[in-house]
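Proteins get letters first, then strands, A, B, ... in listed order; numbering begins at 1 in each.
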Amino acid sequence: MRDAKLSTDEVSRRLLAWYDRHARVLPWRVPPGQGRADPYRVWLSEVMLQQTTVAAVKAYFERFTALWPNVKAMAEADDADVMAEWAGLGYYARARNLLACARAVVAQGGFPTDRAGLRELPGIGAYTSAAIAAIAHDAPETVVDGNVERVVARLFAVDTPLPRAKPELIALAETLTPALRPGDYAQAMMDLGATICTPRSPACGICPLLDLCAARAQGIAADLPRKLAKKPKPQRTGIVWLGWRGDQVLVETRPAKGLLGGTLAFPSTGWDGTDLPPPAAADWEPTGEVRHVFTHFELVLTVLVAEIAGEPDRGRLVSGETLDPSSLPGLMRKVWTLARADHRKG
DNA sequence: GTCCAGGCTT
DNA sequence: AAGCCTGGAC
């Protein structure tokens with residue numbers, strides 16, 4: 001199953017040479033051989049890149065660094081401002097942890113420089129701690145994200161399915177990390193996975209590791225890494241209330257924990273069968289449905305609209321003109337698009 | 001429309 | 001092991 005003769009030095013030598021020519025140019029990245037990256041920018045980019053594509057992150061990173069150019073500025077930011085800027089990027093616990101982390105870092109006088117210290121901070125796990133240590137400090141840490149798992153699974157033809165294979169893939173990846181330029185090497189591995197050793201149709205023909213790759217030799221590169229079958233998503237339903245008073249709309253901030261925690265939202269029932277009452281007494285009328293797919297279930301929300309007269313029982317009224325859809329998570333953007341069209345029709 | 005990729009927390 | 005979102009590929 002494994003190629004016992006794989007030369008680990010040869011892997012890093014080739015990857016670094018390839019990276020020197022083909023490194024992706026990214027807003028948070030310092031090109032190979034041009035000095036150290038700022039730990040704040042590495043941290044911010046790596047948190048944004050958790051479970052999120054480079055293409056989606058770029059504009060958010062530019063905006064965040066313009067608003068909050070360093071960790072002190074971020075630590076002093078208002079929670080609501082950070083949540084609003086994060087809206088649309090998903091996994092909102094990351095934004096809550098971002099603030100908690102920035103404040104902890106400022107309280108301790110700066111970012112830890114070693115992996116173990118970084119690992120203690122909110123929102124920084126095994127991957128991100130290694131990435132910051134390697135990229136910002138050129139520490140010889142092994143950085144294993146989804147790209148690296150795939151590259152290593154193919155290089156060594158590991159056919160244990162994920163997630164069971166993870167410890168094995170990490171151990172194999174550790175055998176490859178060089179003492180020289182570990183930061184560039186980590187980024188090279190991830191770039192290779194992102195641009196050549198891709199999930200569906202890997203470009204083996206132009207891969208610098210082509211002749212070292214056990215999966216390629218067996219003709220199974222595109223089949224690795226194997227993954228356990230995923231379970232089907234249940235469907236859930238709920239109601240969301242779009243209350244108007246003239247051109248004002250009723251919104252609320254969701255509870256800090258759980259689904260869409262801390263984000264701006266229109267009042268709704270729970271989405272797990274929890275049966276909350278409407279946020280205000282009114283003649284609620286259905287205007288349509290909104291569908292949204294989460295990690296573990298599909299949601300169908302019935303959108304009810306009404307003109308509300310009295311004081312709402314929960315939420316707050318804000319101007320519909322100035323409500324910025326980009327400050328809403330994706331699901332609530334859909335609700336807003338539907339309800340606003342309905343409201344304009346009258 | 002469906003499928004899939006992608007780390008941290010509890 | 002389960003909860004947590006979105007965008008791109010097909």
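Summarising the geometry, the separation between CZ on R236(A) and P on dG3(C) is reported as 7 Å, rounded to the nearest angstrom. If you take CG of L331(A) and C1' of dT6(C), they are 12 Å apart, rounded to a whole angstrom. Rounded to whole Å, the distance from CE on M48(A) to P on dC5(C) is 16 Å. Counting to the nearest Å, the C1' atom of dG7(B) and the CD1 atom of I170(A) are 11 Å from each other. The nearest whole Å value for the distance from the NZ atom in K233(A) to the P atom in dG3(C) is 11 Å. Between the CG atom of L328(A) and the P atom of dT6(C) there is a distance of 11 Å, given to the nearest Å. Y92(A) has its OH atom 14 Å from the P atom of dC4(C), to the nearest Å. Distance R96(A) CZ to dC4(C) P: 10 Å, rounded to the nearest Å.
There is a path of hydrophobic side-chain contacts, each under 4.5 Å, that joins L26(A) to L89(A). Both V290(A) and L323(A) belong to a common hydrophobic cluster when Ile, Leu, Val, Met, Phe, Trp and Tyr are linked at side-chain heavy-atom distances under 4.5 angstrom.
The side chain of N147(A) contributes an N or O atom lying less than 4.0 Å from OP1 or OP2 of dG6(B). One finds no side-chain N or O of K257(A) lying less than 4.0 angstrom from the OP1 or OP2 phosphate oxygen of dG3(C). Look at Y91(A) and you won't find any side-chain N or O under 4.0 angstrom from OP1 or OP2 of dG3(C). Checking the phosphate oxygens (OP1, OP2) of dA2(C), a side-chain nitrogen or oxygen of K231(A) falls inside 4.0 Å.
Looking only at atom types and distance, the side chain of Q187(A) has a donor-acceptor partner in the side chain of R29(A) under 3.5 Å away.
Contacts of P329(A) with the nucleic acid, taken as non-hydrogen atoms under 4.0 Å apart, involve only primed sugar atoms and P, OP1 or OP2. Nucleic acid contact class of K227(A) (heavy atoms, under 4.0 Å, all strands): sugar-phosphate only. Residue contacts for Q50(A): at a heavy-atom cut-off of 4.0 Å it reaches the sugar-phosphate backbone alone, with no base atom in range.
Separation of atoms CE (M83(A)) and CG (L264(A)) is listed at 10.0 Å; rounding is to 0.5 Å.
Listed by chain and residue number, V158(A), T160(A), L162(A), L169(A) satisfy the side chain to side chain contact (heavy atoms under 4.5 Å, CB included) test with A165(A) (two or more places apart in sequence, or in another chain). In terms of the side-chain hydrogen bond (donor to acceptor under 3.5 Å, both in side chains) criterion, R119(A) has no residue partners (sequence neighbours excluded).
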Atom pairs, protein N/O to nucleotides 7-10 of chain C N/O, distance under 3.5 Å:
none

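Residues F297(A) and F294(A) place their aromatic rings such that the two centres sit under 6.0 Å apart. Residues W86(A) and Y60(A) place their aromatic rings such that the two centres sit no closer than 6.0 Å.
Counting only heavy atoms from C-beta on, N97(A) has its side chain closest to dT9(B) among dG7(B), dT9(B), dA5(B).
Proximity of residues 287-304 of chain A to DNA chain C (heavy atom under 4.0 angstrom from any strand atom) is restricted to H292(A), V293(A), F294(A), T295(A), H296(A). Across residues 116-132 of chain A, not one residue has a non-hydrogen atom less than 4.0 Å from an atom of DNA chain C.
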Q: Would you check, one step at a time, whether the test salt bridge (Lys or Arg N to Asp or Glu O under 4.0 Å) holds for R41(A) with D38(A)?
A: CA-CA 5 Å; R41(A) 292 166 63 87; D38(A) 173 5; 5.1 Å; no
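Contact check on E149(A) versus K166(A) returns a salt bridge, with a Lys/Arg side-chain nitrogen under 4.0 Å from an Asp/Glu carboxylate oxygen.
A heavy-atom distance below 4.5 Å is not found between the side chains of R291(A) and L299(A).
Grouping Ile, Leu, Val, Met, Phe, Trp and Tyr residues whose side-chain heavy atoms lie under 4.5 Å apart, directly or via other members, places W241(A) in a hydrophobic cluster with I239(A), L250(A), W284(A), L304(A), I308(A), L317(A).
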